[in-house]
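Counting begins at 1 with the first residue of the sequence. Note that this is a predicted model, so its numbers are computed, not measured.
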Amino acid sequence: MMPAARESLLDAACTALARRPWSAVRMVDVAAAAGVSRQTLYNEFGGKDGLARALVRREADGYLAGVDRALAGPADACDRLTATAEWTTSTARENALVRAMLTGCWSERLPAPALTPARSGSVVPAQRRADGPLPSPTDFVALVRDRAVAALAGPGTPRTDTSGLARSCELVVRLALSCVTAPPAEGGVADLVRGALHRQPVP
């Protein structure tokens, strides 16, 4: 299947999930909305659990791509970490799957695939990746922290020289996640991050 068709199926599944609980989403309806046969959908994802894993994997990848965008650019380290925290909180507010992945709190409306790898016999490389382990909230903290360290330290910086930076980056990530579960007042995310970094400056 062409990647565009796979994306269309994932888009259709995401749209269906916005309208009804995952338990009520039917594969035949997802296939029809994407303009393909139900057999094509099963060939691509293996079943409803495979579709759920692929949907979660795509949302995780999209969130991390946004982290990379927030960390890129010429702004100073404080501004880039603030942008990362704001991206985390805004995305979690708008995307129930991202919020569930970051917090580990899966509502009954959402698919909740196991984070451990699923048995996969898929011939589709993208599905084999989706069938692999899915990131836990702890994994996301490490993934975002490590991306921030790499972006802010620059290439070739010895790992031993980044321990202080890693602590500051992890502080910001954990602060952002706390804002996901207990949102601050409007504009509060940036103020919280800048206040924390003022007390513990980025090395």
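Sorted by first and then second residue, the pairs that involve residues 119-140 and meet ring pair (Phe, Tyr, Trp, His ring centres under 6.0 Å), not counting sequence neighbours, are Y63-F140. Note on residues 112-140: pairs passing side chain to side chain donor-acceptor pair (under 3.5 Å), not counting sequence neighbours, are R6-Q127, D61-R129, S120-D131, Q127-D131, S136-D139. A salt bridge (Lys or Arg N to Asp or Glu O under 4.0 Å) check over residues 163-181, counting only residues at least two apart or in different chains, returns the pairs R145-E170, E170-R174. Applying the ring pair (Phe, Tyr, Trp, His ring centres under 6.0 Å) rule to pairs touching residues 105-131 yields nothing, sequence neighbours excluded.
Evaluation of the side chain to side chain donor-acceptor pair (under 3.5 Å) rule for T89 yields no partner, not counting sequence neighbours. With sequence neighbours excluded, no residue forms a salt bridge (charged side-chain N to carboxylate O under 4.0 Å, His left out) with R38. Under the side-chain contact (heavy atoms from CB on, under 4.5 Å) criterion, N43 pairs with Q39, sequence neighbours left out. Residues passing the side-chain contact (heavy atoms from CB on, under 4.5 Å) test with A13 are W22, V30, L51, L55, sequence neighbours excluded. With sequence neighbours excluded, the residues forming a salt bridge (charged side-chain N to carboxylate O under 4.0 Å, His left out) with R26 are D29, listed by chain and number. Residues passing the salt bridge (charged side-chain N to carboxylate O under 4.0 Å, His left out) test with D11, sequence neighbours excluded: R58. Checked against salt bridge (charged side-chain N to carboxylate O under 4.0 Å, His left out), R147 has the following partners two or more places apart in sequence or in another chain: D68.
Proximity of a side-chain donor or acceptor of R53 to a complementary backbone N or O of A114 within less than 3.5 Å is detected. Judged purely by atom type and a 3.5 angstrom limit, R57 has no side-chain atom pairing as donor or acceptor with the backbone of A130. Between the side chain of T40 and the main chain of V36, no donor-acceptor pair closer than 3.5 Å is present.
Within the 4.5 Å cutoff, side-chain heavy atoms of L134 are placed close to those of P113. Side-chain contact check for L41 versus S37: every heavy-atom pair is 4.5 Å or farther apart.
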Which pairs would a plain distance check flag for residues 90-98, meaning a side-chain donor or acceptor within less than 3.5 Å of a matching protein atom at least two apart in sequence or in another chain?
from : atom 1 : to  : atom 2 : distance (Å)
S90  : OG     : E86 : O      : 3.0
S90  : OG     : W87 : O      : 3.2
T91  : OG1    : W87 : O      : 2.7
N95  : OD1    : L97 : N      : 3.0
N95  : OD1    : V98 : N      : 3.1
N95  : ND2    : E59 : OE1    : 2.6

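Here the CG-OG distance, from L81 to S168, works out to 8.0 Å after rounding to the nearest 0.5 Å.
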